[in-house]
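One structure is given here, and the rest of the page talks about it.
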Amino acid sequence: MKRQKVLPRSFYARPAVKVARDLLGKTIEHAGRSGRIVEVEAYLGEGDEAAHSARGITPRTRVIFGPPGHAYVYFIYGMHYCLNLVAEREGKAGCVLIRALEPLRGTRMPCNGPARLTRALGITLEQNGADLTRGDIRVLENENGEALLIRTSPRIGISKSTDLRLRFFLAGNPFVSR
DNA sequence: GCTATGATCATA
DNA sequence: ATGATCATAGCA
């Protein structure tokens, strides 16, 4: 089996929407567990009221404005962790929420939902700010160059900027959430 | 300091 | 439709 390459920082140093679409089909792994990305959402800087970064740099959003290729993990509803991958150049906000994985190795826990996949992969606030090119979370290139059929929709669970179609998922994939 | 809220999920 | 449960942010 051919060894998959870790995505370079240049992959992330692009507009969040492009990074989001291109992340579909990639493999993410942590703590010996891995899954294939089948559903993501892009969160932008300016003009995206639904994004945590909408009101500028705070202690929590600091990493979103930092260099690309790092993990932004946040804690929500008193019990859930969600994983984002930081995009855009340093100083500009933009990230991609990982919403669903197709489990590959190390877990049979459900990965269809942003909080479910962090639980399945063992990701917590401890991984916030982790470097995706060096640290214990790794994102790997596709093994083959298969064409992916990508579907688009509004994002889930937000109340602002609902007109933006920034959710991307693999058409017909059974591991997409909902 | 205090309070409101939430990029969710399980249960009913 | 509702409850769980607490970090974060905004305000006093």
Q) Taking a hydrophobic cluster as the set of Ile, Leu, Val, Met, Phe, Trp and Tyr residues connected by side-chain heavy atoms closer than 4.5 Å, whether directly or through intermediates, do A/Ile76 and A/Leu97 fall within one such cluster? A) yes
Cationic N near anionic O, under 4.0 Å, A/Glu141 to A/Lys26 = yes
Contacts of A/Glu126 meeting side-chain contact (heavy atoms from CB on, under 4.5 Å) (sequence neighbours excluded), chain-then-number -> A/Thr124
Residues at least two apart in sequence or cross-chain that pass side-chain contact (heavy atoms from CB on, under 4.5 Å) with A/Thr118, listed by chain then number, are A/Tyr81, A/Leu83, A/Ile123
State, with a plain yes or no, whether a side-chain heavy atom of A/Val6 is found less than 4.5 Å away from one of A/Leu140. yes
Stems field, DNA chain C, Watson-Crick or wobble, 3.5 Å, at least 3 pairs, by first number, holds B:1-6 with C:6-11, B:8-11 with C:1-4
Of A/Asn84, A/Asn128, A/Leu125, the one forming a side chain to side chain contact (heavy atoms under 4.5 Å, CB included) with A/Tyr74 is A/Asn84
May I ask you to say what A/Arg60 touches in the nucleic acid, namely base, sugar-phosphate or nothing, with a heavy-atom cut-off under 4.0 Å?
-> sugar-phosphate
Inset, instruction - In sequence, state the C-alpha distance, the side-chain angles, and the governing distance for A/Val96 and A/Tyr12, and then conclude on side chain to side chain contact (heavy atoms under 4.5 Å, CB included). - result: CA-CA 10 Å; A/Val96 178; A/Tyr12 302 97; over 6 Å; no
Residues in residues 109-131 of chain A with a heavy atom under 4.0 Å of DNA chain B, by number, are A/Gly113, A/Pro114, A/Ala115, A/Arg116, A/Arg119
Does some side-chain heavy atom of A/Arg155 sit less than 4.5 Å from a side-chain heavy atom of A/Ser161? yes
| query | So, do A/Ser34 and A/Leu104 sit near enough that their side-chain heavy atoms are less than 4.5 Å apart? | reply | yes
Taking atom CD of A/Glu146 as the centre, does the number of heavy atoms from other residues, nucleotides or ligands within less than 6.0 Å exceed 12? yes
As a quick check of understanding, evaluate side chain to side chain contact (heavy atoms under 4.5 Å, CB included) for A/Arg9 and A/Asp131, giving each step before the final call. CA-CA 9 Å; A/Arg9 193 167 320 282; A/Asp131 188 337; 3.0 Å; yes
Side-chain donor-acceptor contacts of residues 62-70 of chain A below 3.5 Å, not counting sequence neighbours, with atom names and distances?
from: A/Arg62; atom 1: NH1; to: A/Pro59; atom 2: O; distance (Å): 2.9
from: A/His70; atom 1: ND1; to: A/Gly129; atom 2: O; distance (Å): 3.1

So, with a heavy-atom separation below 4.0 Å from DNA chain B, the residues of residues 14-29 of chain A are none
The correct set of residues in residues 94-104 of chain A placing a heavy atom under 4.0 Å from DNA chain B is A/Cys95, A/Leu97, A/Arg99
When A/His30, A/Glu29, A/Gln4 are each screened for side-chain hydrogen bond (donor to acceptor under 3.5 Å, both in side chains) with A/Arg138, the one that passes is A/Glu29
Within residues 70-88 of chain A, those residues having any heavy atom closer than 4.0 Å to DNA chain C are A/Phe75, A/Tyr77, A/Gly78, A/Met79
Contact check, residues 161-178 of chain A vs DNA chain C, heavy-atom distance under 4.0 Å, returns none
Outermost contacting nts on DNA chain C, any atom under 4.0 Å from chain A heavy atoms, listed 5' then 3', are C/dA4 to C/dG10
Margin query: Hydrophobic clustering (ILVMFWY, side-chain heavy atoms < 4.5 Å, transitive) - are A/Leu23 and A/Leu121 grouped together?
Written below: yes
Sorted by chain and residue number, the side-chain contact (heavy atoms from CB on, under 4.5 Å) partners of A/Arg119 (sequence neighbours excluded) come out as A/Met109, A/Arg116
Do any side-chain atoms of residues 165-178 of chain A form donor-acceptor pairs under 3.5 angstrom with protein atoms, and if so which ones, sequence neighbours left out?
from: A/Arg165; atom 1: NH2; to: A/Thr152; atom 2: O; distance (Å): 2.9
from: A/Arg167; atom 1: NE; to: A/Glu39; atom 2: OE2; distance (Å): 2.8
from: A/Arg167; atom 1: NH1; to: A/Ser153; atom 2: OG; distance (Å): 2.9
from: A/Arg167; atom 1: NH2; to: A/Glu39; atom 2: OE2; distance (Å): 3.2
from: A/Asn173; atom 1: OD1; to: A/Phe175; atom 2: N; distance (Å): 2.8
from: A/Ser177; atom 1: OG; to: A/Glu39; atom 2: OE1; distance (Å): 3.0
from: A/Ser177; atom 1: OG; to: A/Glu39; atom 2: OE2; distance (Å): 3.0

task: Using a 4.5 Å cut-off on heavy atoms from C-beta on, say whether the side chain of A/Ile37 contacts that of A/Ile98.
output: yes
Please determine whether residues A/Ile150 and A/Tyr43 belong to a single hydrophobic cluster, defined as Ile, Leu, Val, Met, Phe, Trp and Tyr linked transitively by side-chain heavy-atom distances below 4.5 Å. no
Inset, instruction - Treat each ILVMFWY residue as a node, draw an edge where side-chain heavy atoms are under 4.5 Å apart, and state whether A/Leu101 and A/Val73 are in one component. - result: yes
Within the structure provided, determine whether A/Ile28 and A/Leu117 are in side-chain contact (heavy-atom separation under 4.5 Å). no
